Amino acid sequence: MTQRDWIEKDFYRELGVASGASADEIKKAYRKLARELHPDANPGDATAENRFKAVSEAYGVLSDPEKRREYDETRALFAGGRVPGGAGFPGGFGAGGQTFDLGDLFGGAGGGGGLGDILGNVFAGAGGRPGAARAGSRAQRGADVESELTLDFDQAVRGAEVPIRLSSPGRCERCGGTGAKPGSTPRQCPTCDGVGLVSRSQGAFAFSEPCRDCRGTGRIIDDPCPECGGDGVSTRTRSLTVRVPAGVDDGQRIRLPAQGEPGRGGAPAGDLYVKVHVTPHRLFGRSERNADDLTLTVPVTFQELALGSTLTVPTLDSTVSLRIPAGTASGRTFRVRGRGVHRKDGRTGDLLVTVEVAVPNRLDDAAQEALQAYAEATKSFDPRAELLGGARR
Ligand SMILES: [Zn+2]
Ligand SMILES: [Zn+2]
């Protein structure tokens, strides 16, 4: 990872913590996400795997006080508007390895100590995405949440109000997020004095490493909360009603604004996206050309097609009479107007009825005789005349 990536990434958002989060909060958020997203827990799920990598990367920076300080400073520079944001960095940022001239930018020589070092690192990498700098900000819109919903065919066609239950992680209400059993409080870790880190010297170098006694949290919980097991985070379940518009199709997503995760720092909540699965109907389908049209295949007898007839055909809510003219071909589709999807905006689909000859698998003697007589009477009708004529040409 190059530090140039830092201006494009929001590690706090990745971990779902505020930019002022304590080391403890960051660690907790990471542990929880790492558990949920771990490839072992999500075999074959590429999205989870990518999130897992992103979360690990974010934690790698934010858990290291020195790196975190640099990251914050880098982001603050861009958020402060001292460097042109968005597209069009002068000096060809993103155009492939050109180095940014700090002197020009800050109107002075050198750019000034640590600042220059940070920016120097930021722009030192080659390649990268053009102009994708995203300024960091305190307020953060909540994350979008995805959910799924299975509907009957009827519900999808007609529209419905469907209650769903959503589970999402939130502060444990039992312990108020402290992780300690109600009535008790966590005590400060005596080993690290509540910092969560201990210093270790090795030759000329001093290392900070997570305190083993408190696992980097800075606190010791003698009596963990029975609800969340000491994490301070538990799964919250809420119920809401999804208004499914008439005509929704399998695989479509319904957006519920502001029903996602709550925003931070007064920012708006994310959205909830509900992916719809539609159970196929025993009789009806949706037209591939226009999903507002319903399809239905109706078995008919040969004589109904040949002589013409009036069929009683089911629709989604009742039945309809369909007149078949004499001499109708098997496989022909009739359009029954207005018996498809009725959308809220007034658009209406049709019912497409396809007739298909059903052949009896057994005929008694009388029926066989009648058919032989029929064959004799219609000898001049050769349905394959054109087909064989075409083959000879
Ligand atoms: Zn400790
Ligand atoms: Zn709890």
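Start at 1 with the first residue, then count along the sequence. Every heavy atom of this structure was used, including side-chain atoms; hydrogens, water molecules and symmetry mates were not. Since the structure is predicted, the reported quantities are computational estimates derived from the model, not experimental observations. We count ligands from 1, going down the list as the structure has it; atoms in each ligand are counted the same way.
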Measure up the Phe284 and Phe153 rings against each other and bin them: parallel (under 30°), tilted (30 to 60°), perpendicular (over 60°).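 Ring orientation of Phe284 relative to Phe153: parallel.
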Once the angle between the rings of Tyr59 and Tyr30 is folded into 0 to 90°, is it parallel (under 30°), tilted (30 to 60°) or perpendicular (over 60°)?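 Rings of Tyr59 and Tyr30: parallel, under 30°.
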Between the side chains of Glu66 and Arg69, is the shortest nitrogen-to-carboxylate-oxygen separation below 4.0 Å, so that they form an ion pair?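 Salt bridge flag = yes for Glu66 with Arg69.
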Cys189 SG and Cys192 SG subtending at the Zn ion (ligand 1) (10° steps):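 Rounded to 10°, it measures 110°.
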Provide the tally of protein N/O/S atoms nearer than 2.8 Å to the Zn ion (ligand 2).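 For the Zn ion (ligand 2), protein nitrogen, oxygen or sulfur atoms under 2.8 Å: 4.
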Please find the pair of heavy atoms, one from Cys189 and one from Asp213, that lie closest to each other, and give the distance.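 That would be SG-CB, 4.1 Å.
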Side-chain donor or acceptor of Asp350 paired with backbone N/O of Gly338 under 3.5 Å: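 Judged by distance alone, yes, a pair lies under 3.5 Å.
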Would you mind telling me which of Val248, Thr279, Val157, Val242 makes a side-chain contact (heavy atoms from CB on, under 4.5 Å) with Leu151?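 Between Leu151 and the candidates, side-chain contact (heavy atoms from CB on, under 4.5 Å) is satisfied uniquely by Val248.
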